Amino acid sequence: MKLTVWTYEGPPHVGAMRVATGMKGLHYVLHAPQGDTYADLLFTMIERRNHRPPVSYTTFQARDLGADTANLFKTALHDAHERFQPQAMIVGSSCTAELIQDDPEGMAATVDLGIPIIPLELPSYQRKENFGTDETFFQIVKRLARPMDRTAHVSANLIGPTGLGFRHRDDIVEVTALLEEMGISVNVVAPMGATPADITQMGQAHFNVLMYPEHAEAAARWMERNLGQPYTKTVPIGVGATRDFINEVAQIAGVEPKADDSRLRMPWYSQSVDSTYLTGKRVFLFGDATHVKCMARMARDEMGFEVVGLGCYNREFARDIRALAKEYGVEALITDDYLEVEKTIEDLAPEMILGTQMERHIGKRLGIPCAVISAPVHVQDFPARYSPVMGWEGANVIFDTLVHPLVMGLEEHLLHMFREDFEFHDEAGASHHGGAAKLRAVDAPAPEPQTDQPAAAQAPAEGDIVWLSCAEKELKKIPFFVRGKAKRNTEKFALEKGVHEISVETLYEAKAHYAR
């Protein structure tokens with residue numbers, strides 16, 4: 001297993017935690033050493049949940065390895081059942097415990113506690129977190145759901161939302177509203193908010209709404225085969241996708257499509273003069289496959305951006321993302337190495353990044369604005385307010401998410417441009433505190449003459465590039481989101497021409513060269 005500073009996905013047992021934490025009446029017994037007991041931090045700190053995740057650990061130590069660790073697991077299983085009295089339990093190993101091969105899944109089969117005990121085989125060294133959510137939910141559904149008579153009224157199950165999911169809580173509300181507008185009720189939402197007893201009732205629904213394929217596609221396919229329930233293929237993120245989703249649901253349910261898009265605010269802005277500033281902005285997308293696919297469509301078709309690159313970290317969806325990249329005329333990036341993502345962003349030099357919290361950090365280092373559109377995310381992406389990304393209100397939220405970094409970026413660029421202005425220089429006070437502003441001293445040192453003198457005092461070594469002070473000042477006039485690329489191109493041009501001191505003339509010669 002590769003150890004890195006950052007990781008897009010945890011091991012698969014973290015996915016199982018996400019399912020268990022989203023549900024009620026389900027408990028997860030995890031065979032794990034002391035160092036793997038971090039579920040509380042994930043869910044109470046990052047997601048700001050008001051209760052602890054339903055996970056118990058065997059917490060074996062090094063001295064236990066010479067004894068009977070299998071007995072530790074059985075004891076933990078009985079203790080968790082007695083303490084929490086769950087309707088069902090899931091059991092499995094962490095990545096570390098997997099190495100000692102105690103087989104908690106097999107041991108659980110020999111224990112009778114009077115409730116369903118569902119074993120999970122999650123290969124930690126071959127698969128990752130999203131596989132863990134998908135497989136865990138699939139095993140729960142497979143064990144508990146059964147064919148049933150349909151509800152008298154047309155109904156659907158919403159499947160896929162989990163704990164620690166990107167805006168899952170609010171997406172449920174938005175999708176429920178879309179269905180209710182067409183007269184379709186929600187039978188069960190799972191895993192989030194469902195109990196094992198609710199899972200047994202999933203067969204009553206007429207169809208399933210697959211909200212997040214990463215977390216529930218295996219269960220959706222199983223229910224289609226075994227319960228006769230079709231499932232939706234469109235994820236309603238963006239205006240166009242929401243309309244497509246409504247039409248797909250109407251066709252499956254045999255009802256009239258109804259789309260009350262009166263809440264949309266983007267069409268008005270799209271017709272305004274201000275929107276022209278956004279047209280043609282070069283964007284790079286990276287995240288989980290579902291959000292990247294939806295956001296690429298919204299970025300190009302609804303915002304007028306130019307998609308210059310895209311990719312995902314979950315390899316199970318690599319084929320879909322490669323097909324999408326071909327459609328957009330770009331090369332797909334399928335990787336879980338953030339350094340490779342950073343290198344790609346550097347090479348493409350986009351004007352904006354649409355990504356995860358990892359790309360947010362990359363953007364800070366490269367000076368490129370970033371909007372977070374996908375997990376993994378941090379605490380600031382679990383807002384207290386209602387903030388979905390699906391449906392009509394979700395389209396409004398995404399619109400704000402994409403526009404604000406660019407508008408603020410423009411403001412920052414303008415402040416840099418006018419840095420020498422009497423109102424904006426470093427010693428000036430806040431603009432609304434006029435009396436606090438200080439004029440530059442009359443006897444202040446004269447500004448540095450704009451001569452072609454090296455910015456550095458010492459002579460350049462052979463092969464080094466030195467920027468003259470006048471060229472450096474001219475470079476700062478270039479918008480920050482393309483300044484890095486302009487600097488690299490100029491230095492490359494200078495080296496090819498054998499020039500070691502970059503002047504204003506060199507800067508503009510390089511610009512003309514690369515504009516051809």
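The structure displayed is predicted, hence computed values, not measured ones.
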Between Q204 and T151, a side-chain donor and acceptor under 3.5 Å: no
Residue pair W392 / V239: nearest heavy atoms and the distance that separates them: CZ3-O, 4.0 Å
Sub-4.5 Å side-chain heavy-atom contact between K233 and L210: no
No-hydrogen, no-angle side-chain donor-acceptor test under 3.5 Å, T290 and E214: yes
Any side-chain heavy-atom pair of V141 and W222 under 4.5 Å: yes
Parallel, tilted or perpendicular: rings of F84 and H27 (30°, 60°): parallel
side-chain hydrogen bond (donor to acceptor under 3.5 Å, both in side chains) between R167 and S387, worked out: CA-CA 7 Å; R167 309 293 171 83; S387 187; 2.9 Å; yes
T232 versus E248, side-chain donor and acceptor atoms under 3.5 Å: no
Minimum heavy-atom distance N187-A205, with the two atoms named: ND2-N, 3.7 Å
From CA spacing to verdict: salt bridge (charged side-chain N to carboxylate O under 4.0 Å, His left out), R322, E331: CA-CA 8 Å; R322 287 195 176 102; E331 186 175 347; over 6 Å; no
Short side-chain donor-acceptor distance under 3.5 Å, H31 and T58: yes
Between H168 and D171: side-chain donor-acceptor atoms closer than 3.5 Å: no
Salt-bridge contact K343-D347 (side-chain N to carboxylate O under 4.0 Å): yes
Lys/Arg-Asp/Glu bridge criterion (N-O < 4.0 Å) met for R263, E174: yes
Lys/Arg N to Asp/Glu carboxylate O, R385 vs D170, below 4.0 Å: no
R127 with D134: basic N within carboxylate O range, under 4.0 Å: no
Carboxylate-amine/guanidinium contact D244 R297, below 4.0 Å: yes
Side-chain touch Y338/F286, heavy atoms, less than 4.5 angstrom: no
D261/R243 salt bridge by N-O under 4.0 Å criterion: yes
Rounded distance (nearest 0.5 Å) linking atom CD1 of I373 with atom CG of D381: 11.0 Å
Test: E327 and R300 ion pair at under 4.0 Å: yes
Any side-chain donor near an acceptor of the partner, D260 and S262, under 3.5 Å: yes
V397 side chain near P388 side chain, heavy-atom distance below 4.5 Å: yes
Salt bridge flag under 4.0 Å for residues E351 and R282: no
